[in-house]
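All values below come from the heavy atoms of this structure, side chains included, with hydrogens, waters and symmetry mates left out. The residues of the chain are indexed from 1 along the displayed sequence.
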Amino acid sequence: MSIGATTDRAPGVWSTLVGQRHVIDSLARAAAGRGMTHAWLFTGPPGSGRSNAAIAFAAALQCPEGGCGTCHTCQTVLAGSHPDVSITRAQRAQIATDDMRDLVHRSALAPAGRRHQVMVIEDADRLHERAANALLKAIEEPTPKTVWLLCAPTLEDVLPTIRSRCRNVVLTTPTAIEVARFLMEQDGVPDSIAAFAARASQGHIGRARALARDDETRNRRREVVSLPARLTSLNACLNAAANLVDIAEQETGAITESSNAAEAADLDRTYGDDRKARTSRAYQAALKDLTYDQKQREKRRQMDVIDRCLMDLMSVYRDAVAIQVRAPGALVNEEMRAELEDVARRSSPEENLRRIDAIFTAREQMMEFNANRLGALEAMMVNLKTR
Ligand SMILES: [Zn+2]
């Protein structure tokens, strides 16, 4: 791939958005007062940077220069510590009604600065029904300085009553060339690694950065994409499924442990060193809530890792089909072309399309129907087995 030297990278707070020129133009115009509205919905595939775009927009709205990226205001908004920008991420599977009521209440307060009270909700697709209704009411009866910035994968993930009151900002998947350029310019990644990470990430910026930066991430991906060649027996399939679950647990283990410990210490501080307080009903209830939240969050993180592994696995069969139908352009896994040609020789395009289907099915079972992970992955691996 030829990547070229420099690009017209967007300035200021917009510099981390990749391949979203049309989005940046319209948001910068709105921040300058042309075409502003009080409710926005950012949609785009995972990794396209929808929450980055929302937070950059929040900074542009607060910054006297329209998002210079360097002033104190920009810096605090981007760091998530600006008093008039609240950023909500779903820690559990859903955003609870009480949390939403708190947000609605906060949204109506006058901003500490003179500009806006900006409310960012990163997972507007995870609103509990009553939480969504509380939000709807706030959007229907806006306070003059409040701006809601909602993010979701697609329009359909948000209630029609809410999305019809928002202006939609659509982010698209950046091309491999755009991602590679970004890695080289922003992170100083050497061009061969940038080209690999850009292809392998399939347009997911965070994933591309991790692949470019971290050997272990590259090794784990390598392990996943080399699975198809090894699925030659029932036993191998069952092992592969167990391996995927292991990878998810390993990858989330360290980060989960440290954040859990910090939260437990926080809780203990709140209740002091008094043994009586620690045995009180209030403490026990708070501890139970915390443990529940932590378990939910861990599950969600592990599911995110598994989901990514499945996308990597799918890319192998997609590449095999591309070889079989002689599609032009680079493979996602160009560096293992020889192995992929072997997979392509030993299968038909129909078979590989059926395998891609089996991966989608497993994903749906785990995400939407909360099916047992190991079971769903075992069934999937058996469907991927080579003849
Ligand atoms: Zn600024």
Side-chain angles (χ1 to χ4, degrees), residues 1-28 42-57 59 67 69 78 122 151-154 169-225 251 304-305 307-319 321-322 327-337 340:
M1 171 173 30
S2 145
I3 294 163
T6 46
T7 51
D8 52 340
R9 213 171 76 215
V13 290
W14 313 110
S15 67
T16 58
L17 296 180
V18 184
Q20 314 293 344
R21 177 52 69 180
H22 63 291
V23 166
I24 295 172
D25 288 346
S26 69
L27 292 178
F42 293 75
T43 56
S48 59
R50 47 182 191 255
S51 61
N52 274 352
I55 292 166
F57 185 39
L78 298 178
E122 290 195 347
C151 309
T154 69
V169 177
V170 184
L171 287 100
T172 48
T173 302
T175 64
I177 291 184
E178 285 166 334
V179 176
R181 270 191 193 137
F182 174 78
L183 293 174
M184 290 161 64
E185 292 174 10
Q186 184 87 10
D187 298 351
V189 175
D191 56 357
S192 64
I193 295 185
F196 155 77
R199 269 189 289 102
S201 69
Q202 299 178 72
H204 190 302
I205 305 297
R207 175 76 172 148
R209 289 182 118 163
L211 282 167
R213 180 173 60 213
D214 182 30
D215 280 346
E216 235 172 87
T217 305
R218 282 199 292 271
N219 291 341
R220 273 196 295 262
R221 183 178 190 281
R222 174 80 213 164
E223 210 175 305
V224 172
V225 292
E251 207 172 316
D304 287 346
V305 176
D307 195 36
R308 223 183 42 222
C309 292
L310 296 186
M311 298 309 283
D312 289 339
L313 205 52
M314 216 180 286
S315 73
V316 174
Y317 297 110
R318 173 228 168 258
D319 280 349
V321 174
L331 302 175
V332 175
N333 303 287
E334 192 61 52
E335 67 288 343
M336 46 189 284
R337 186 176 267 276
L340 290 167

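For the atom pair CG (Leu17) and CD1 (Ile24), the distance works out to 5.0 Å, reported to the nearest 0.5 Å. Atom OG of Ser315 is separated from atom CG of Leu313 by 7.5 Å, given to the nearest 0.5 angstrom. With rounding to the nearest 0.5 angstrom, the CG atom of Asp214 is 14.0 Å from the CZ atom of Arg221. How far OG1 of Thr217 is from CZ of Arg222: 15.5 Å, rounded to the nearest 0.5 Å. Here the CD atom belonging to Glu335 is positioned 11.0 Å from the CZ atom belonging to Arg337, to the nearest 0.5 angstrom. To the nearest 0.5 Å, the span separating CG on Asp312 from CZ on Arg220 amounts to 11.5 Å.
The side-chain heavy atoms of Val169 and Phe57, taken from C-beta on, include no pair separated by under 4.5 Å. Side-chain atoms of Pro174 and Ile205, non-hydrogen and from C-beta on, do get closer than 4.5 Å to each other. For the pair Val170 and Thr43, the minimum side-chain heavy-atom distance is below 4.5 Å. Between Ile193 and Arg218 the shortest side-chain heavy-atom distance falls below 4.5 Å. Contact of the Arg21 side chain with the Asp25 side chain is registered, since non-hydrogen atoms from C-beta on lie closer than 4.5 Å.
Side-chain atoms of Asp319 come within 3.5 Å of backbone atoms of Asn333 as a donor-acceptor pair (strictly under, hydrogens ignored). Judged by distance alone, with hydrogens and angles left aside, the side-chain atoms of Arg50 form a donor-acceptor pair with the main-chain N or O of Gly44 at under 3.5 Å. A donor-acceptor pair under 3.5 Å links the side-chain atoms of Gln20 to the main chain of Val18, judged by distance alone.
The side chain to side chain donor-acceptor pair (under 3.5 Å) search around Asp187 returns Arg209, not counting sequence neighbours. The side chain to side chain contact (heavy atoms under 4.5 Å, CB included) test applied to Arg308 returns Arg207, Glu251, Val305, not counting sequence neighbours.
Shown here for Pro45 and Thr173, the closest heavy-atom pair between the two residues is CG-OG1, 3.1 Å. Taking each heavy atom of Met184 and Ala194 in turn, the nearest pair found is CG-CB, 3.6 Å. Listed here is the closest heavy atom pair of His22 and Thr172: CE1-OG1, 4.2 Å. Considering all non-hydrogen atoms of both residues, Glu122 and Ser51 come closest at OE2-CB, 3.5 Å. Contact record, Ala322 with Leu331: CB-CD2, 4.0 Å, taken as the closest heavy-atom pair. Minimum interatomic distance between Ala330 and Arg199 (heavy atoms only, all atoms of both residues): CB-CD, 4.0 Å.
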